[in-house]
Amino acid sequence: MPTRSLRSRGRLARSFYDRPTLEVARDLLGKVLVHGVGTRLASGLIVEVEAYIGEADPACHASPGPTRRNAPLYGEPGIAYVYLNYGIHCLMNVVTERAGTPAAVLIRALEPLEGLALMRRRRTRGVPDVALCRGPGNLAQALAITLRQNHADLCHSSLTVEDHGHGIGRIAWTPRIGIRVGTERPWRAYVVGSKAVSGHQQRAMSNER
DNA sequence: AGCAAGATTAGC
DNA sequence: CTAATCTTGCTA
């Protein structure tokens with residue numbers, strides 16, 4: 001079968017990312033994160049995200065002000081911010097808001113859609129399919145997202161987010177997890193009921209929106 | 001130059 | 001519950 005063009009697959013435009021971060025975070029749920037082309041393509045439905053907003057957010061990497069490391073956060077909306085965590089895991093963020101305003105959305109979990117065989121090969125042997133992209137480090141490994149993808153333009157590269165018209169159910173908002181500061185802000189959002197969501201779902205603070 | 005800390009994960 | 005593993009940013 002012929003390869004569909006990137007455009008026909010529903011790639012999100014830059015204007016999608018150039019909005020308030022919490023709106024982008026909410027609207028990313030139900031979209032599809034894609035990396036690679038042809039036989040190397042893997043993708044999954046986004047079901048869990050976290051927002052990191054501005055230098056005033058103590059958990060945001062921009063909190064110390066501009067540095068070499070967090071430069072992507074200050075860049076154009078729609079680029080990727082990928083960094084190495086604990087020396088082991090690559091975590092992928094989508095940069096939001098206008099250049100100069102540091103903010104991003106961390107992608108935390110996907111429901112695998114395409115490239116299942118690739119993902120199984122890249123992840124630890126024996127992982128159930130539903131857990132292939134559960135957790136930010138795991139999904140990066142499944143989609144082969146590494147530091148090489150840092151600063152990649154989601155609007156013009158093989159790493160991108162697409163709208164495939166998937167419908168989702170209720171969205172729940174909770175405090176972000178895995179951080180030691182900024183835990184009071186309810187900036188984690190996930191699709192209620194998705195088996196691919198990481199962490200504990202029962203800490204929801206509100207489930208409307 | 002040296003060091004502590006970190007948006008995690010897999011395996012005891 | 002803890003080791004693994006390494007880049008960054010801060011201090012000397």
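Everything quoted here is computed from the prediction, not taken from an experiment. Below, chain A is the first sequence line, B the second, and so on; all start at residue 1.
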Rounded to the nearest angstrom, tell me the gap between atom [atom1] in [X] and atom [atom2] in [N].
| X | N | atom1 | atom2 | answer |
| --- | --- | --- | --- | --- |
| M92(A) | dT8(B) | CE | C1' | 17 Å |
| E184(A) | dA7(B) | CD | P | 15 Å |
| R176(A) | dT8(B) | CZ | C1' | 16 Å |
| R185(A) | dA7(B) | CZ | P | 15 Å |
| I177(A) | dA7(B) | CD1 | C1' | 9 Å |
| I145(A) | dT8(B) | CD1 | C1' | 16 Å |

Residues in salt bridge (Lys or Arg N to Asp or Glu O under 4.0 Å) with D57(A), at least two apart?
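D57(A) satisfies salt bridge (Lys or Arg N to Asp or Glu O under 4.0 Å) with R176(A) only.
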Shortest non-hydrogen separation from R188(A) to S198(A) and the atoms involved:
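That closest heavy-atom pairing would be NH2-O, 2.8 Å.
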What are the two closest heavy atoms between V95(A) and L73(A), and how far apart are they?
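What the structure gives for the nearest pair is CG1-O, 3.9 Å.
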Same hydrophobic cluster for I171(A) and V24(A), using side-chain heavy-atom links shorter than 4.5 Å among ILVMFWY?
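Shared cluster, yes.
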Within one Ile-Leu-Val-Met-Phe-Trp-Tyr cluster: I168(A) and W173(A), side-chain cutoff 4.5 Å:
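Linked, I168(A) and W173(A) end up in one cluster.
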pair R98(A)-D18(A): side-chain heavy atoms closer than 4.5 Å
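In contact.
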Close side-chain approach of L22(A) and I53(A), heavy atoms under 4.5 Å
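They are in side-chain contact.
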With sequence neighbours left out, write down each residue that passes ring pair (Phe, Tyr, Trp, His ring centres under 6.0 Å) with [X], or none if nothing qualifies.
| X | answer |
| --- | --- |
| Y52(A) | none |
| F16(A) | none |
| H89(A) | none |

Qualifying residues under side chain to side chain contact (heavy atoms under 4.5 Å, CB included), relative to P136(A), sequence neighbours excluded
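Partners of P136(A) by the side chain to side chain contact (heavy atoms under 4.5 Å, CB included) criterion, ordered by chain and then number, come out as L91(A), L106(A), R108(A).
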Just to verify, what does P58(A) make a side chain to side chain contact (heavy atoms under 4.5 Å, CB included) with, not counting sequence neighbours?
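Testing P58(A) for side chain to side chain contact (heavy atoms under 4.5 Å, CB included), a comparison that skips the adjacent residues, returns V181(A), R185(A).
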Identify, residue by residue, the members of residues 102-110 of chain A with a heavy atom below 4.0 Å from DNA chain B, and return them in order of residue number, or none.
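Here the set is L106(A), R108(A).
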Tell me, which of residues 117-125 of chain A have any heavy atom that sits under 4.0 Å from an atom in DNA chain B?
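Residues of residues 117-125 of chain A that come under 4.0 Å of DNA chain B are, in numerical order, R123(A), T124(A).
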Counting runs of three or more consecutive pairs, Watson-Crick or G-U wobble, with each distance below 3.5 Å, where are the stems of DNA chain C?
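When the pairs of DNA chain C are grouped into runs of at least three, the stems are B:1-6 with C:6-11, B:8-11 with C:1-4.
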Heavy atoms only, 4.0 Å cut-off, all strands: where does N93(A) land among base, sugar-phosphate and nothing?
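Base, at least one base atom sits under 4.0 Å.
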Under 3.5 Å, is there an N or O donor on one side and an acceptor on the other linking the side chain of H89(A) and the base of dA7(B)?
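Looking at the base of dA7(B), it does not pair with any donor or acceptor on the side chain of H89(A) (distance under 3.5 Å).
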For residues 28-35 of chain A, dump all side-chain donor-acceptor pairs below 3.5 Å to protein atoms at least two apart in sequence or in another chain.
| unit_1 | atom_1 | unit_2 | atom_2 | d |
| --- | --- | --- | --- | --- |
| K31(A) | NZ | D27(A) | O | 2.8 |
| H35(A) | ND1 | L143(A) | O | 2.7 |
| H35(A) | ND1 | A144(A) | O | 3.4 |

When you match R134(A) and R180(A) each to their closest nucleotide on DNA chain B, which lands nearer the 5' end?
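The residue closer to the strand's 5' end, by nearest nucleotide, is R180(A).
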Nucleotides 6-12 of chain C: protein proximity per nucleotide (B base, S sugar-phosphate only, - neither; heavy atom, under 4.0 Å)
BSSS---
Salt bridge (charged side-chain N to carboxylate O under 4.0 Å, His left out) partners of residues 142-157 of chain A, not counting sequence neighbours, each pair once:
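Salt bridge (charged side-chain N to carboxylate O under 4.0 Å, His left out) check on residues 142-157 of chain A returns R14(A)-D153(A).
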